[in-house]
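As the structure is a computational prediction, the values presented were derived from the model and not from experiment. Quick note: residue numbers are just sequence positions, from 1.
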Amino acid sequence: MARNTEAGEASQRPPPDAASVRIRARADPLLIICRGFSFLTALIAVLCVFVNVLSAVQSFKNGSDIFGGIFRCYAVVIALFVAVVETEWSFIMKFWRILEYWAGRGMLQIFVAVMTRAFPDVSRKRKDLILLQEIASYLLMACGLTYVISGVLCIGFLKRARQQKEITREQAVRDLKELEQRREELEALLVVDRA
């Protein structure tokens with residue numbers, strides 16, 4: 001009996017004012033994880049840039065390994081490109097569509113990791129640099145493999161769909177706010193006209 005009276009009271013309540021209704025934006029856990037992983041991958045790519053710059057300077061300083069220095073310069077440029085791709089800058093993504101797909105992005109990262117690991121210092125004078133090369137290359141290799149596996153599992157497609165849903169939701173909230181503002185303006189004009 002008490003349940004019926006509660007239901008009756010709830011149906012008699014006026015609908016909440018649209019201004020009092022708040023749309024609670026909940027962050028999508030998958031998008032949060034993807035953004036975190038992209039940030040981590042970009043940091044590791046910057047580490048590869050740093051390691052390859054050090055290696056290139058070392059190669060040019062000796063003068064005997066010009067080929068290795070040139071190779072390291074290419075590795076720096078491509079590693080910088082990997083870091084920029086992780087920002088998902090629309091200008092880059094427009095011209096490099098393959099990098100929207102995680103398998104393609106992962107293969108590029110694996111390529112940079114192999115370039116970072118290639119041509120170690122055979123004289124073994126700089127063991128700290130060799131260790132840093134190995135750490136950077138294996139970390140980027142792990143990120144690349146994660147991207148390739150996730151790409152095969154279509155996680156990238158799922159991420160893009162959820163991003164589109166989030167953008168649509170944000171646009172709907174903005175439109176609702178604009179409509180509320182316009183309604184308040186019209187109500188104010190109506191009150192002025194009645195007076």
Side-chain angles (χ1 to χ4, degrees), residues 27-164 166-167:
D28 190 346
L30 177 68
L31 292 178
I32 292 170
I33 290 170
C34 290
R35 287 180 188 130
F37 187 68
S38 288
F39 179 73
L40 178 67
T41 304
L43 282 178
I44 293 169
V46 169
L47 177 64
C48 285
V49 168
F50 177 71
V51 167
N52 283 310
V53 165
L54 288 177
S55 296
V57 167
Q58 186 70 25
S59 295
F60 287 129
K61 190 184 290 184
N62 292 343
S64 61
D65 193 16
I66 300 297
F67 176 74
I70 294 170
F71 184 81
R72 294 292 176 197
C73 290
Y74 279 112
V76 166
V77 170
I78 298 172
L80 275 173
F81 185 69
V82 167
V84 170
V85 165
E86 286 305 311
T87 64
E88 295 185 355
W89 187 24
S90 61
F91 178 75
I92 298 291
M93 293 304 193
K94 181 171 52 171
F95 294 109
W96 294 81
R97 287 279 194 215
I98 189 74
L99 298 176
E100 284 183 9
Y101 300 100
W102 282 13
R105 194 181 292 189
M107 285 186 243
L108 179 64
Q109 292 168 5
I110 291 170
F111 178 68
V112 171
V114 169
M115 286 181 78
T116 302
R117 180 70 178 94
F119 297 116
D121 184 18
V122 290
S123 64
R124 302 283 182 197
K125 292 179 184 175
R126 300 275 320 257
K127 291 185 179 185
D128 55 340
L129 184 60
I130 293 172
L131 180 64
L132 201 55
Q133 284 176 347
E134 289 179 357
I135 290 170
S137 66
Y138 288 131
L139 285 174
L140 194 60
M141 178 87 66
C143 289
L145 287 173
T146 302
Y147 266 115
V148 169
I149 292 168
S150 297
V152 169
L153 295 175
C154 298
I155 303 294
F157 175 77
L158 182 62
K159 176 195 168 211
R160 285 188 298 277
R162 288 191 178 189
Q163 275 180 326
Q164 188 61 40
E166 184 179 61
I167 290 169

**Message:** Give me the atom names and distance for the closest heavy-atom approach of Gly69 to Ala56.
**Reply:** O-CB, 4.0 Å

**Prompt:** Can you tell if the side chain of Phe37 reaches within under 4.5 Å of the side chain of Cys143, non-hydrogen atoms only?
**Reply:** yes

**Separation between CD1 of Ile70 and OG of Ser59, rounded to the nearest 0.5 Å** = 10.0 Å

**Message:** Given 3.5 Å as the limit, does a donor-acceptor pair link the side chain of Arg72 with the main chain of Thr116, or not?
**Reply:** yes

**Prompt:** How would you list, by chain and number, every residue that makes a salt bridge (charged side-chain N to carboxylate O under 4.0 Å, His left out) with Arg160, sequence neighbours excluded?
**Reply:** none

**Item:** Residue Tyr101 excluded, over 12 heavy atoms near OH under 6.0 Å
**Value:** no

**Request:** Apply side chain to side chain contact (heavy atoms under 4.5 Å, CB included) to the pair Phe60 and Ile66, showing each step before the final yes or no.
**Result:** CA-CA 6 Å; Phe60 287 129; Ile66 300 297; 4.0 Å; yes

**Request:** Look up atom CH2 in Trp89 and atom CH2 in Trp96, then write down how far apart they are to the nearest 0.5 Å.
**Result:** 14.0 Å

**Item:** Atom pair CZ (Phe95) and OG (Ser90), whose distance is rounded to the nearest 0.5 Å
**Value:** 10.0 Å

**Prompt:** Do Gln133 and Ser55 get their side chains close enough for a donor-acceptor pair, meaning under 3.5 Å?
**Reply:** yes

**Prompt:** Which residues pass the side-chain contact (heavy atoms from CB on, under 4.5 Å) test with Phe111, sequence neighbours left out?
**Reply:** Ile78, Met115

**Prompt:** Quick one: does Leu131's side chain get under 4.5 Å of Lys127's, heavy atoms only?
**Reply:** no

**Request:** Output yes when a side-chain donor or acceptor of Arg105 lies under 3.5 Å from a complementary backbone atom of Leu99, and no otherwise.
**Result:** yes

**Request:** Specify the closest pair of heavy atoms between Ser38 and Tyr147, including all atoms of both residues, with the distance to one decimal.
**Result:** OG-OH, 3.3 Å

**Request:** Check Glu166, Glu86, Glu88 against Arg35 for a salt bridge (charged side-chain N to carboxylate O under 4.0 Å, His left out) and give me the one that passes.
**Result:** Glu166

**Nearest heavy-atom neighbours spanning Cys48 and Ala136** = SG-O, 3.6 Å

**Request:** Using ring pair (Phe, Tyr, Trp, His ring centres under 6.0 Å) as the criterion, list what pairs up with Tyr138, not counting sequence neighbours.
**Result:** none

**Request:** Would you give the length of the straight line joining atom CG of Leu140 to atom CG of Leu43, rounded to the nearest 0.5 angstrom?
**Result:** 11.5 Å

**Complete:** Heavy-atom closest pair (Val49 atom, Leu80 atom, distance to 0.1 Å) is CG2-N, 3.6 Å

**Request:** Quick one: closest heavy-atom pair of Val148 and Met107, and the distance?
**Result:** CG2-N, 3.9 Å

**Complete:** When rounded to the nearest 0.5 Å, the distance separating CD1 of Ile167 from CD of Gln164 is 5.0 Å

**Asked** Closest heavy-atom contact between Arg97 and Lys94?
**Response** CG-O, 4.1 Å

**Message:** For a 4.5 angstrom cut-off between non-hydrogen side-chain atoms, does Leu132 reach Phe50?
**Reply:** yes

**Asked** Hey, what do you get for CH2 (Trp102) to CG (Leu153), rounding to the nearest 0.5 Å?
**Response** 10.5 Å

